There are 2 protein chains.
Amino acid sequence: MPTISKEDYLKAIYRIADENEKESTVTTSEVAEMLDVSKAATSEMVQRLSELGYLNHERYKGVKLTDEGMRTALNIIRRHRIWELFLTDVLGLSWNEVHAEAELLEHSTSDFLIEKLDEFLGHPRFNPHGEPIPDRNGNLPEQPALLPLSCCETGKEYRLAKVLDDSLELMNYFTGIGLALNVKVLVKSRLDYDNSTVLCINGTNHNLSEKAGNNLFFLPENDEGYFYHSRVHQGARKKAEVKNSKKSPGRTGA
Amino acid sequence: MPTISKEDYLKAIYRIADENEKESTVTTSEVAEMLDVSKAATSEMVQRLSELGYLNHERYKGVKLTDEGMRTALNIIRRHRIWELFLTDVLGLSWNEVHAEAELLEHSTSDFLIEKLDEFLGHPRFNPHGEPIPDRNGNLPEQPALLPLSCCETGKEYRLAKVLDDSLELMNYFTGIGLALNVKVLVKSRLDYDNSTVLCINGTNHNLSEKAGNNLFFLPENDEGYFYHSRVHQGARKKAEVKNSKKSPGRTGA
DNA sequence: GTTTAAATTTAAGCATTCCTAACAAAAAAG
DNA sequence: CTTTTTTGTTAGGAATGCTTAAATTTAAAC
Ligand SMILES: [Mn+2]
Ligand SMILES: [Mn+2]
Ligand SMILES: [Mn+2]
Ligand SMILES: [Mn+2]
């Protein structure tokens, strides 16, 4: 049961390692930047988390999550993403409003409560941004390889499969130009000068910088119309529907 | 936006003043005991909260909430009780499981999110323990005068209208003997020796100590079958029912 | 291979929030 | 009206988590 700070550090370290794919050692500077704290603060916290057994730390080199650290980080990410899905699908918030709320709620939710939410939502596999939700044992759902915008070829059609939600401003912009999960886009052209991309969304062209595009991940559009974002686990949906329909029993009868 | 600690102190001060009815000055010791911290810690925090304008403090006498302190305290209580009702009515937790969860969630919930929850629940007026939920402006719903068990007369019937949920152990015991909101009870007898009361619940007799009984509040049972616990505000129910039925739109269509 | 630059850690200090022990004021007992 | 007990405040100290500034180590340039 780490503190809120420790949970946020562990989550940041996981996310950085996850983005780096290979080379899973995470540096002090990367963590400091993601959490918007000083490198000194990060250096101190890294030492404390190592003493607590969440990290392996090689001085001046970087850190890796231990098994315990990985379990803990995945559990926090699970709580975060389950709350995000709850906020959109049950309370009707929009996908750009939920990240900030979940950033707080993730630290105030017992495992018991998360299991109840998970069951209520029908054991969802992806959050509203297309990010995978670890199950209670820390296992991630299978995901096909996704292409960042910079890897999408001109003249081809794709569907948006995932958005990184770190910047609220960027999420608002994406929403404004009509981007949403599973929306079909056509890659019109790419400027070699700055590696920006022109996308056609709902008949309108938009130019996205390389940096902005790196937050968008696509699946090639094929004629099978395959959506990998089935929201719930196989077999869980029926159960969820029953549960949802018997809600709010009404304590008084009046 | 006080810290979690400050919010819990303000809430405790409100609750103590509320229980004391008249004589609304709250002492350091009372706060220290409710929050299970030292008197020294309370004394320090009281001074800080006074400097911040939440309290008026007369040294060695006690504290009263300022208007700002009252507003803040009622807002935290609103968050707490809305979460409690959500947890029972939507997620299906039992009334003795929700207080501890809400004690954390109350500090991680924006006003924006609370309004969404409030709307989803249909602007409820009471939490699962029969405690009133302040509206967004801090106004409490009307409540008829309730009788603590010690004031209930032998030979008469009552309905349980409110339970104080400070002790999980006590809540579990109450649940075990069949007590729930609006349950009808018959007061069989009272022992002058220790002021304990024998209650008949669902045909079985149970002896409750004076201290335990002080956590239970009743309404006289009259033949009109009047339940004051209508869960939602007048006029809000229809809206809530519509909202509840269109839940979980299902993002994929699959 | 030095020298310079960048990344990392350590040092010193501040704000919160808690503790125990010592002290001061108020209330209760006698 | 003293004396004793209870209540409330202050003092001193610890842990957490952050800051800026000063080392220290590693990496990059020349
Ligand atoms: Mn998120
Ligand atoms: Mn967070
Ligand atoms: Mn409660
Ligand atoms: Mn609380």
Side-chain angles (χ1 to χ4, degrees), chain A residues 1-13 16-17 19-20 22-65 69 72-73 76 103-104 106-108, chain B residues 1-13 16-17 19-20 22-65 69 72-73 76 103-104 106-108:
Chain A
M1 321 265 183
T3 62
I4 293 176
S5 279
K6 291 189 179 70
E7 291 190 342
D8 280 336
Y9 275 94
L10 289 175
K11 193 169 56 131
I13 290 165
I16 293 164
E19 280 172 32
N20 292 355
K22 316 288 176 184
E23 201 60 55
S24 68
T25 298
V26 174
T27 68
T28 304
S29 297
E30 289 172 310
V31 178
E33 195 197 337
M34 175 164 286
L35 294 178
D36 199 28
V37 295
S38 68
K39 293 174 185 176
T42 304
S43 200
E44 279 181 354
M45 183 60 95
V46 153
Q47 290 172 57
R48 245 173 286 151
L49 289 172
S50 297
E51 280 162 24
L52 291 170
Y54 294 108
L55 300 177
N56 289 320
H57 180 213
E58 268 197 88
R59 285 191 44 172
Y60 287 102
K61 291 301 169 66
V63 294
K64 281 185 191 177
L65 289 165
T72 308
I76 301 157
E103 198 60 54
L104 297 180
E106 66 187 355
H107 308 292
S108 311
Chain B
M1 323 266 185
T3 61
I4 293 176
S5 280
K6 292 190 178 72
E7 290 190 342
D8 279 335
Y9 276 94
L10 288 175
K11 192 169 57 132
I13 291 165
I16 293 164
E19 280 171 33
N20 293 355
K22 315 287 176 187
E23 201 58 56
S24 68
T25 298
V26 174
T27 68
T28 304
S29 297
E30 290 173 308
V31 178
E33 196 197 337
M34 175 164 287
L35 294 178
D36 199 27
V37 296
S38 68
K39 293 175 186 175
T42 305
S43 201
E44 278 181 357
M45 183 60 94
V46 152
Q47 291 172 54
R48 246 173 287 151
L49 289 172
S50 296
E51 280 162 24
L52 292 170
Y54 294 108
L55 300 177
N56 289 319
H57 181 215
E58 268 198 89
R59 285 191 42 166
Y60 288 103
K61 291 301 169 67
V63 293
K64 281 184 190 176
L65 290 165
T72 307
I76 300 157
E103 198 60 54
L104 296 179
E106 65 187 356
H107 308 293
S108 312

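The structure displayed is predicted, hence computed values, not measured ones. Each chain gets a letter, A, B and so on, in the order the sequences are listed, and its residues count up from 1.
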Can you see if the side chain of B/Q47 gets near the phosphate of D/dT10 - specifically, an N or O under 4.0 Å from OP1 or OP2?
yes

DNA chain D-proximal residues of residues 25-35 of chain A, any heavy atom under 4.0 Å:
none

Strictly below 4.0 Å, N to O, side chains only: are A/E7 and A/K11 in salt-bridge contact?
no

Roughly how many Å is it from CD1 in B/I13 to P in D/dG8, rounded to a whole number?
13 Å

Side-chain donor-acceptor pair present, A/Q47, A/S50, cut-off under 3.5 Å:
no

Using a 6.0 Å cut-off, check whether atom CD of A/E33 has over 12 heavy atoms from anything other than its own residue.
no

Can you tell me how far apart CG (A/L10) and CG (A/L55) are? Round to the nearest 0.5 Å.
6.0 Å

Counting distance only, does the side-chain N/O of B/S43 pair as donor-acceptor with the main-chain N or O of B/K39 below 3.5 Å?
no

Which is it for A/H107 and A/D8 under the side-chain contact (heavy atoms from CB on, under 4.5 Å) test, yes or no, and what are the steps along the way?
CA-CA 9 Å; A/H107 308 292; A/D8 280 336; 3.0 Å; yes

Is B/E51 reaching over with its side chain to a backbone N or O of B/R48, donor-acceptor style, under 3.5 angstrom?
no

Counting primed atoms plus P, OP1 and OP2 as sugar-phosphate and everything else as base, spell out the protein contacts along nucleotides 15-21 of chain D at 4.0 Å heavy-atom distance: B, S or - for each nucleotide, 5' to 3'.
-SSBBBB

Would you give the length of the straight line joining atom CD1 of A/I4 to atom CD1 of A/I76, rounded to the nearest 0.5 angstrom?
11.0 Å

Residue-phosphate contact under 4.0 Å: B/H57 side-chain N/O, D/dT9 OP1/OP2
yes

Keeping the roles fixed (side chain from B/S24, backbone from B/N20), state whether a donor-acceptor pair exists under 3.5 Å.
no

Considering all heavy atoms of both residues, which atom of A/Y9 and which atom of A/L49 are nearest to each other, and what is their separation?
CB-CD1, 3.9 Å

Please find the earliest and latest nucleotides of DNA chain C, in the 5' to 3' direction, that have an atom within less than 4.0 Å of any heavy atom of chain A.
C/dA7 to C/dA12

